[in-house]
Number of protein chains: 2
Amino acid sequence: MKQKINKEDIIKTAAVLFKKKGFSAVTMRDLASEMGVKAASLYNHISSKQELLKEIIISIAEGFTEGMQVIVKSNSTTVDKLNKIVDLHVSVASNNAYGMASLNNDWMHLEEQLDYYLKLRTDYEDNFRAIIISGIKNNELKEVNPEVILFSILSTLRSLYIWMPKKEDLNQEELSDSLKMILIKGINK
Amino acid sequence: MKQKINKEDIIKTAAVLFKKKGFSAVTMRDLASEMGVKAASLYNHISSKQELLKEIIISIAEGFTEGMQVIVKSNSTTVDKLNKIVDLHVSVASNNAYGMASLNNDWMHLEEQLDYYLKLRTDYEDNFRAIIISGIKNNELKEVNPEVILFSILSTLRSLYIWMPKKEDLNQEELSDSLKMILIKGINK
DNA sequence: TTATTTAACTAACAGCTGTTAGTTTGTTAA
DNA sequence: TTAACAAACTAACAGCTGTTAGTTAAATAA
């Protein structure tokens, strides 16, 4: 009875291993053996190790971009937009904790897609920054350096994947509410 | 005129490369060529690639442990202890931005020192958590899930090394003050 | 100067890397 | 039943990996 694998499973398993050891430290033989198969068999489904990294990272990055566009277009207060950003990150981190590790730590090993990824990331940060600055201007937020606000919130949200899996007792909604309290009510006048 | 290198320079250069590409993706030939030397020459000064990772990570981790012990022993208010923790992280991140990358992303490639590192990290987090919980009990801090407070602050502080180098216009004191405002006054009743 | 030491060098190793070619086996469609 | 296909397999590749041994050259101590 032979093992039967498919591309989606390969990508998922790759993400798990990439989180544990990092992209560069995972070999195609590691990945194959984790799936009960020989390394060469993977190439019936995928074209390269690079492709795995691309699939993992770009799909998440595009998810963030789409989520951010909806938030930007909505006419909500600044605080409400920030609340929605927290929800977006909590949702991505719980659905894709493994992929987030590659996005955070192995994006530099993207090759053809590196520039595209960097553009998505920069655009995301620009949108986020604009929300914060506008919140300061219309007096919703304290007058603190917006760059520091941006990166302190973003650092927390980007790290969710590390410790969310460890705290399974904490449900998604409860976590989201606590985070909003800490990250947003905190900078709210 | 031959290149003259020493152990300290090797470690510093290694940290720079490890930050850029990750421990596993950096070869001893990369490192040597960055220093204008052949790979074999490195072994006149160091015993292995592993040793470089150990030197980089453990020295930082021990620095955090020592800093935390001073803070714990001080009789200060909770808020003042948290302020001191922020200062500690800002200071380490500005003196050792490269090493922080290895500590955050490549600690799992420590071998003999892995358990020791994990103990230092756990103890640090336990001390930090105790400070937060005591602050909630004596009414200095809002009654929010302490685990979420711990990890949101810690995520920001652990990520400082990523963006501090990009914002050179922001001096260490100004950054430290903004962070305290955002991270601490925020959770302060 | 000469002897000693330091630290560079070249050459090589055994094992691992991602990937390809060619083959076999099991499953689906006719 | 048989033809066609999908997807596993084995074997092999060329290049790279960390590291060692042995050698040469420069700096220091006598």
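Here is how names work: the chains are called A, B, and so on, in the same order as the sequence lines, proteins then strands, and each is numbered from 1.
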(message) Between B/Lys84 and B/Ser76, is the side chain to side chain donor-acceptor pair (under 3.5 Å) condition met? List the steps.
(response) CA-CA 10 Å; B/Lys84 284 174 179 158; B/Ser76 313; 3.0 Å; yes
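With no hydrogens or angles considered, no side-chain donor-acceptor pair links B/Glu34 and B/Thr13 at under 3.5 Å.
At whole-Å resolution of the value, CD in B/Gln50 and P in D/dT19 are 8 Å apart. Between the NE2 atom of B/His109 and the P atom of D/dG18 there is a distance of 13 Å, given to the nearest Å. The interatomic distance linking B/Gln3 (CD) with D/dA25 (P) rounds to 19 Å, in whole Å. Remark: P of C/dC13 and CZ of B/Arg29 are 14 Å apart, rounded to the nearest angstrom. Between the OH atom of A/Tyr43 and the P atom of D/dA7 there is a distance of 17 Å, rounded to whole Å. Rounded to whole Å, atom C1' of D/dC9 lies 16 Å from atom CE of A/Met35. The nearest whole Å value for the distance from the CG atom in B/Leu42 to the P atom in D/dA21 is 17 Å. Computed from coordinates, the A/Ile5 CD1 to D/dA6 C1' distance equals 12 Å when rounded to whole Å.
In this structure, A/His89 and A/Phe64 have tilted ring planes: the angle between them lies in the 30° to 60° band.
Using a 4.0 Å heavy-atom criterion, one finds that B/Ser41 contacts the bases of the nucleic acid, with or without backbone contacts as well.
Residue side chain B/Asn44 reaches the base of C/dA8 through a donor-acceptor N/O pair under 3.5 Å, judged by distance alone.
OP1 and OP2 of D/dC9 both lie 4.0 Å or more from every side-chain N or O belonging to A/Lys38. Between C/dA8 and B/His45, a contact under 4.0 Å exists linking OP1 or OP2 to a side-chain N or O.
Looking at B/Asp9 and B/Lys12, no side-chain N of the basic residue comes within less than 4.0 Å of a carboxylate O on the acidic one, giving no salt bridge. Under 4.0 Å is where a charged nitrogen must lie from a carboxylate oxygen, and between B/Glu111 and B/Lys49 no such pair does.
Put simply, the side chain of B/Ile131 reaches to within 4.5 Å of the side chain of B/Leu82, judged on heavy atoms. Side-chain contact between A/Trp163 and B/Glu147 is absent, with no heavy-atom pair separated by less than 4.5 Å.
When the nucleotides D/dA8, C/dT19, C/dA11 are ranked by their closest atom to the side chain of A/Met28, C/dT19 comes out on top. Minimum atom distance to the side chain of A/Val37 is reached by D/dA8, of the listed C/dA8, D/dA8, C/dG18.
Mapping A/Thr27 and A/Ser47 onto DNA chain C by nearest heavy atom places A/Thr27 at the nucleotide closer to the 5' end.
Both key distances under 3.5 Å define a Watson-Crick or G-U pair, and stretches of 3 or more such consecutive pairs in DNA chain C run C:2-29 with D:2-29.
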